[in-house]
Structure formats: C-alpha cells, structure tokens
Amino acid sequence: MHSLHGMTGAQEWQGRVGQNWAAEWERTDRSFAALTPHLLAAIAREPGSRVIDVGCGAGELSIAVATARPEARVTGVDISGELVEAARGRAAGLANLSFTVADASSWEADGAQPDLYVSRHGVMFFTDPPAAFAHLSAKAAPGARMVFSCFRPATENPWAMDIARLLPPSKPVPAVDFPPGPFAFADPDHARRCLKGWRDIEFQPLDFAYVAGSGTNPVADALSFFSRIGPAAAAIRTLPDQARAAFERGLLELVQSRSVGGRVCFPAAAWMVTATADNT
Ligand SMILES: C[S@@+](CC[C@H](N)C(=O)[O-])C[C@H]1O[C@@H](n2cnc3c(N)ncnc32)[C@H](O)[C@@H]1O
C-alpha cells in the first residue's frame, strides 16, 4: 500500500508543514479558489457577530468574513506561529479582525462567546476530535452555528490519489482509523461521532477544481507547488535517490496530463458541513 494517510497533527503544523503553508499561502489559496466562494456563501447565510475561524492558516477566510461583516468581531485561531504571522501581514488595517496562535481545541475567546465558527479545511487535525468539538460547543454562545469545509475520501480526490499511486509501497504503519490529516473527516458517520456537542449536522457535497499550476509555465508551477505542499512534498523529501527520481518522472507526466487551457487542475471533492451547538 502506498501511504497517503500519514498523520498531519499539531507537531507537523507547528513545524515544516506550517512553514511551507506560510511560504505558499498564495498558491494554497489558489488551490481552494473554486471552493472558497461556496464556503463564503454558506457562511453568509448564518447570523453571527463573534466569529472564530478555526485553523485559519494564512487568513483568507477570516479576512473575507471580517470584510463582509464590519460590525462583527472576527478572530482567526491557528496553531502555527508562521501562518498567523502571514495572516497578520495580509490583514493589516481591518480593525474588526485579530489573529491568535493557539490550539483551537483548548483555546478560550476573551469577552463575548463565539456565535459562529467557520473553517476552510482547518478542523481535521485535532488529536482528540470529540474532545475538541465538545470544547468548541461548551465555550460558544447558546445555539451557536458552525460552517466548515473538509475533504471527502481520497478516492474521490484525484489531486491526492493520483499522486499516491506514484509512490512506492510503504511499510505497514500501526493502524489508526482516522488519523489527523486531510481525510480525517471524509466519512460522515465518523465525522458525526467526532462532532460531540453539536446537533443538526448536515453534509453537502461540493466538487471543485483544485488548481495546482497556472501562469506562464503551469506545469513548472504545479511541480514547484507539489514539491512544497501535499503528499508529493513528503515523498520528494524522504524517498531514496532512485525512487525519488522515478517518482518525479511520474509526477511530471501526471502534471502534464492535467495541464489544460493554461492551468493544471485536478478534480477535488469536499464536504460543506453545518451544525448547531447543542449547549442550551
Ligand atoms: C489545511 S490548513 C488550512 C488553513 C486555512 N484554513 C486555509 O484554508 O488556508 C489547516 C490549518 O489548521 C491549522 N491547525 C491544525 N491543528 C490545529 C489546532 N489544533 N488548532 C488550531 N489550528 C490548527 C494548521 O496550522 C493549518 O493552518
């Protein structure tokens, strides 16, 4: 079996993975560009004047929500200091937006209780998801709402699966059913079990084009992006020379095969999840 389900937990986000995402925020925002308007539309349907962006990363969602709701107070929370620094740099001038470096699974907002949690792919990395979601519910205003996106299974996400197929078989690792990582909430039954303290949980599927490359040389752009972000990055860093060379040849062919009309795009599949805090 090739490895796609490696853990991406707090340590990785506080280390190399967070540093790479902070350096690459323009291209990670671009990869989500076809999903973000749908997520923002779902958020716009919810009331909320004390909004928390969980795992806000470099802050694109926080900035958009704070801009759309000038009367609201918005806080982006992220465990990676580098990503919060990148977010602060982008958001300068928005008086109703602040960022904080914290583990959202135990962090408490000062002042008014949150009445709306939002997240773009930032809630799948908790070490103990049921405890984290119970905490978010317990600290929220009565009946607070939550709107987040996350990936559906890897098998529906060729941006990940096609790359995983190029990897050499890996040694079996101790089985963890749903390790923290991009696909931790792919299974709605499992996600429901994790969403302790939440009710009215709904999953809407959303298919989108994951943009990996664009610009004057989309293929080179995608290869450079994949060398920093996602499953290819780990392979390029860790495979022995010969296996890495074979992997890189396969990756080039794959990216070329997905290069159409000046962009390298892969089909991607997400859930948009909404829920109400069961805390009254
Ligand atoms: C896939 S990235 C998404 C970032 C951002 N929401 C975006 O859309 O660009 C996941 C984010 O979750 C953050 N994260 C992971 N575990 C966290 C935790 N326990 N508390 C807060 N943030 C966390 C990571 O540092 C990272 O920024």
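For clarity, every value in this text was computed on a predicted model and none was experimentally measured. Remember, it's 1-based here, ligands and their atoms both numbered in the order they're listed.
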Which residue and atom name correspond to the protein heavy atom nearest [atom], and how close is it?
atom: atom 19 (N) of ligand 1; answer: Asp103 OD1, 2.9 Å
atom: atom 16 (N) of ligand 1; answer: Phe125 CB, 3.6 Å
atom: atom 4 (C) of ligand 1; answer: Gly55 O, 3.5 Å
atom: atom 20 (N) of ligand 1; answer: Ala104 N, 2.9 Å
atom: atom 14 (N) of ligand 1; answer: Ile79 CG2, 3.8 Å

- Item | Pair Trp271 and Phe185, ring centroids less than 6.0 Å apart | no

- Item | Heavy atom of His121, distance to ligand 1 below 4.0 Å | yes

- Residue Gln256 excluded, over 12 heavy atoms near CD under 6.0 Å: yes

- Quick one: does Asp78 get an N or O within less than 3.5 Å of an N or O on ligand 1? yes

- Item | Donor-acceptor contact below 3.5 Å, side chain Arg192 vs main chain Ile201 | yes

- Query: Would you call the rings of Phe183 and Phe151 parallel, tilted or perpendicular if under 30° counts as parallel and over 60° as perpendicular?
  - Reply: tilted

- Task: Tell me yes or no: between the side chains of Thr238 and Arg244, is some donor less than 3.5 Å from an acceptor?
- Result: no

- Task: Check each of Tyr210, Phe208, Phe32 against Trp159 using the ring pair (Phe, Tyr, Trp, His ring centres under 6.0 Å) test, and report the only one that passes.
- Result: Tyr210

